[in-house]
Amino acid sequence: MSIRLGDIAPDFTAESSEGKINFHQFLGNSWGILFSHPADFTPVCTTELGSVAKLKPEFEKRNVKVIALSVDPVQSHIDWIKDINETQKTTVNYPIIADPTFEVSKLYGFVHPNASDKFTVRSVVIIGPDKKVKLLITYPASTGRNFNEILRVIDSLQLTANYSVATPANWKNGEDVIIVPAVKDEDIAVKFPKGHTRIKSYLRYTPQPNLN
Ligand code: BEZ
């Protein structure tokens, strides 16, 4: 089975490097990121897990819980974490799910048999507080993910969740955003008191609403 945007993120209970976890309980009312890895003790994954550990305060600022997954068993994760901490000069401070039976991986479509039937692919799932899937990206095994991009998407998703705006190409936190087409011209002044620029009837920019 695989999942699509808007689906409820499948719930599961699994062992992890921090003990048994029920996924939905772990998420609580927070946003969440679940990211899968091909295997423990692999070089690209080692850098990725270190990078996420260093970014944990940024995820926390945004009320995002982080959890990784690989198909190796718990003891392997625990041994690997020591290597990650040593080589990446950090402390892995979030759980890694052990999925040796591929149960969770299959639930989330992390196994792409034509790429490999032994390893999971390098995927990221962002889940909203409503437990719905907001983003799915899959990378090749040889390309480490850009977790600053994941933070950028979270910033965009959280703006969209709170205001009637979307974010343009290559948008960065602090830059102008787009007023969604559903907002009528006559309602803009009340909804966006910071002002707006009208390029076309369907292309209207406003300063990022959650900044002073
Ligand atoms: C890695 O994480 O380094 C990796 C994993 C599987 C295939 C290639 C690279």
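Residue indices begin at 1 and follow the sequence shown. Numbering of ligands and ligand atoms starts at 1, following listing order. As the structure is a computational prediction, the values presented were derived from the model and not from experiment.
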Those residues that, when tested against S116, pass side chain to side chain donor-acceptor pair (under 3.5 Å) (two or more places apart):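 Result, side chain to side chain donor-acceptor pair (under 3.5 Å) vs S116: none returned.
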Look at [atom] and say which protein heavy atom is nearest, naming residue and atom and giving the distance to 0.1 Å.
atom	answer
atom 3 (O) of ligand 1	V44 N, 2.6 Å
atom 9 (C) of ligand 1	A141 O, 3.7 Å
atom 6 (C) of ligand 1	P38 CB, 3.7 Å

Non-hydrogen atom of R122 closer than 4.0 Å to ligand 1: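 Per 4.0 Å heavy-atom rule, R122 contacts ligand 1.
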From R4 atom CZ to L136 atom CG, the distance as rounded to the nearest 0.5 Å: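 Here the rounded value is 10.5 Å.
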Interfacing atoms of ligand 1 (cut-off 4.0 Å, heavy-atom, P43): 1 (C), 3 (O)
Salt bridge (Lys or Arg N to Asp or Glu O under 4.0 Å) contacts touching residues 203-212 (sequence neighbours left out):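 For residues 203-212, and leaving out neighbouring residues, the salt bridge (Lys or Arg N to Asp or Glu O under 4.0 Å) pairs sorted by first residue read D185-R204.
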Minimum side-chain heavy-atom gap L69-V104 below 4.5 Å: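 Side-chain contact under 4.5 Å: yes.
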Check: F35 ring centre within less than 6.0 Å of F147 ring centre: yes
